[in-house]
Colleague: 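My structure is below; once you've seen it, I'll send some questions.
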Amino acid sequence: MAVDYFLHDKIWFEKYKYDDAERRFYEQMNG
Amino acid sequence: LSPQTLYTYPENWRAFKALIAAQYSGARIRVLSGPPQFHFGHTNRTPQFLQKFPLGKVPAFEGDDGFCVFESNAIAYYVSTEELRGSTPEAAAAVLQWVNFADSDVVPPASTWVFPTLGILHYNKQATEVAKEEVRRVLGVLDGHLRTRTFLVGERVSLADISLVCALLWLYKQVLDPAFRGPFGNVNRWFLTCLNQPQFKAVLGEVQLCQRMAQFDA
Amino acid sequence: LSPQTLYTYPENWRAFKALIAAQYSGARIRVLSGPPQFHFGHTNRTPQFLQKFPLGKVPAFEGDDGFCVFESNAIAYYVSTEELRGSTPEAAAAVLQWVNFADSDVVPPASTWVFPTLGILHYNKQATEVAKEEVRRVLGVLDGHLRTRTFLVGERVSLADISLVCALLWLYKQVLDPAFRGPFGNVNRWFLTCLNQPQFKAVLGEVQLCQRMAQFDA
């Protein structure tokens with residue numbers, strides 16, 4: 001199935017975890 | 001222009017961006033997406049391919065003069081018109097803003113939610129719930145922006161619309177059922193307006209919007 | 001040009017891109033990164049800010065004429081010169097290619113490897129090992145491309161160099177010790193050449209390259 005190819009694309013599934021962690025870190029730094 | 005070549009696997013939404021842009025610019029592109037011309041997983045691992053495209057990723061583009069470029073947004077930009085790119089610095093910056101927004105804020109949660117319904121990724125309830133909320137937030141931002149606009153930047157279609165329609169495509173086909181997409185009327189209107197542009201239809205064909213939210217395919 | 005405003009928290013590598021670009025273009029930007037003008041976590045949640053920047057993310061830019069744009073690459077583009085953007089369609093597409101490459105192939109493994117050493121995120125051994133290999137692959141691609149080049153696109157500095165130097169900054173400061181970066185001589189040369197450009201130095205100051213690979217900050 002064509003959709004099987006999708007997995008070969010690099011997708012940052014965990015991006016939201018990193019974005020949240022980075023935001024919290026800099027909010028604390030500037031708290 | 002003599003034909004230029006786009007290497008990709010079939011039905012690659014990232015390749016659709018350049019193909020829709022080419023419908024506006026008249027750029028003639030031949031798509032090589034199947035054997036014998038291009039066999040994904042093999043051709044893109046050969047030394048010849050890697051010499052041109054060191055990452056071995058698709059879509060990859062080769063111009064008639066040997067100019068080679070990878071990264072789908074760069075390819076779509078190259079085959080676009082000035083109008084699609086944004087003809088003033090403000091418009092071009094706004095186009096870039098929405099193109100980046102598509103990659104950074106739409107693609108990750110859309111993939112997390114949709115892939116398990118296609119059976120190509122294991123289902124994770126917690127990740128899916130987070131992704132749904134991210135998608136709701138993204139649609140809310142777009143809905144606000146499109147309240148007073150027909151298209152995302154200026155009065156005509158641009159690469160911003162092309163990029164975001166392609167990034168949202170699988171969401172609208174698989175999981176954005178009428179109940180979920182109901183609150184985002186401006187986005188739904190915009191999405192359908194784009195789909196009905198002849199240049200989008202020439203590449204995407206008839207797109208059926210999701211009627212029943214697909215569940216993960218155990 | 002009367003001053004334009006960049007909202008960010010201090011030491012934000014994503015904001016550095018626009019500030020370095022502005023060093024080349026002469027665009028005058030005042031950076032609001034601390035109270036009372038801007039308090040990250042508060043100001044960017046106010047209705048006034050969200051009205052201009054619906055995502056509430058930084059860096060965010062407001063021009064002297066009220067033009068607002070978010071997404072760091074769009075901001076850097078807006079304050080750039082034609083030269084930095086790429087003055088031909090081929091150069092502009094190549095710039096976009098490397099800018100996208102920075103976001104899609106450098107930032108994820110760089111964040112995975114570096115964040116635990118800064119105490120931003122918990123350490124995960126397996127993820128870190130995968131990230132190290134990704135970084136090795138990325139540096140290998142860049143090293144091949146830079147074997148015969150001084151800069152990434154054309155003969156002069158462009159947004160491609162600015163974006164990739166900023167995306168690689170934390171890696172070079174925190175974890176790319178001499179042993180790890182040894183095999184990538186062309187990248188090291190390119191990175192130091194850029195750092196020593198007056199326009200980069202004006203923004204980044206003296207950058208100490210990592211001598212000892214930082215371990216996670218338990």
Side-chain angles (χ1 to χ4, degrees), chain B residues 14 18 25 27 50-51 53-57 59-61 63 65-82 85-86 88-105 107-108 134 137-138 140-147 153 159-160 163, chain C residues 14 18 21 25 27 50-51 53-57 59-61 63 65-82 85-86 88-105 107-108 137-138 140-147 153 159-160 163:
Chain B
R14 286 185 172 82
S25 66
L50 290 169
Q51 208 276 325
F53 307 106
L55 276 169
K57 287 207 298 188
F61 176 90
D65 54 358
F67 171 69
C68 291
V69 60
F70 58 90
E71 290 291 343
S72 59
N73 296 329
I75 300 168
Y77 174 94
Y78 185 64
V79 302
S80 284
T81 59
E82 267 315 291
R85 294 169 182 158
T88 65
E90 284 75 14
V95 166
L96 212 42
Q97 168 187 284
W98 292 115
V99 168
N100 277 238
F101 173 77
D103 287 342
S104 65
D105 288 77
V107 171
E134 294 266 298
R137 183 177 61 82
V138 158
V141 166
L142 284 173
D143 201 68
H145 183 75
L146 288 163
R147 196 167 45 75
V153 178
L159 277 172
S163 291
Chain C
R14 291 183 181 81
S25 67
L50 291 169
Q51 207 274 324
F53 308 107
L55 275 174
K57 285 189 181 179
F61 177 90
D65 54 359
F67 171 66
C68 290
V69 60
F70 57 89
E71 290 290 344
S72 60
N73 296 330
I75 299 169
Y77 174 93
Y78 184 64
V79 301
S80 285
T81 60
E82 265 318 290
R85 294 168 181 160
T88 65
E90 284 75 12
V95 167
L96 212 40
Q97 167 188 285
W98 291 114
V99 168
N100 277 239
F101 171 78
D103 287 340
S104 60
D105 287 74
V107 172
R137 185 180 61 82
V138 158
V141 166
L142 284 173
D143 202 69
H145 183 74
L146 289 163
R147 199 170 41 76
V153 178
L159 277 171
S163 290

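Since this is a predicted model, take the numbers as computed values, not measurements. Values below: all heavy atoms of this structure, side chains included; hydrogens, waters and symmetry mates excluded. Below, read A as the first sequence line, B as the second, and so on, with proteins coming before strands; counting in each chain starts at 1.
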Colleague: Side chains of Asp105(C) and Glu71(B), heavy atoms from C-beta outward: is any pair under 4.5 Å?
Modeller: yes
Colleague: Anything under 3.5 Å between a donor and an acceptor, one on a side chain of residues 94-102 of chain C, the other on a protein residue two or more places apart or in another chain? List them.
Modeller:
from: Gln97(C); atom 1: OE1; to: Phe70(B); atom 2: N; distance (Å): 2.9
from: Asn100(C); atom 1: OD1; to: Asn73(B); atom 2: ND2; distance (Å): 2.6
from: Asn100(C); atom 1: ND2; to: Leu96(C); atom 2: O; distance (Å): 2.9

Colleague: Which atom pair, heavy atoms only, marks the closest approach of Pro89(B) to Tyr77(C)?
Modeller: O-CE2, 4.2 Å
Colleague: What is the minimum heavy-atom distance between Ala93(B) and Phe67(C), and which atoms define it?
Modeller: CB-CZ, 4.2 Å
Colleague: Show, in sequence, the C-alpha distance, side-chain angles and deciding distance for Glu90(B) and Val69(C), and conclude whether the side chain to side chain contact (heavy atoms under 4.5 Å, CB included) test is met.
Modeller: CA-CA 9 Å; Glu90(B) 284 75 14; Val69(C) 60; over 6 Å; no
Colleague: Side chain, backbone, both or neither: which part of Ala92(C) has a non-hydrogen atom closer than 4.5 Å to chain B?
Modeller: both
Colleague: Chain B: which of Val107(C), Leu55(C), Val138(C) shares the most heavy-atom pairs with it under 4.5 Å?
Modeller: Leu55(C)
Colleague: Applying side chain to side chain donor-acceptor pair (under 3.5 Å), can you list everything that pairs with Ser25(C), at least two apart in sequence or on another chain?
Modeller: none
Colleague: What part of Ser104(B) lies closer than 4.5 angstrom to a heavy atom of chain C: side chain, backbone, both or neither?
Modeller: side chain
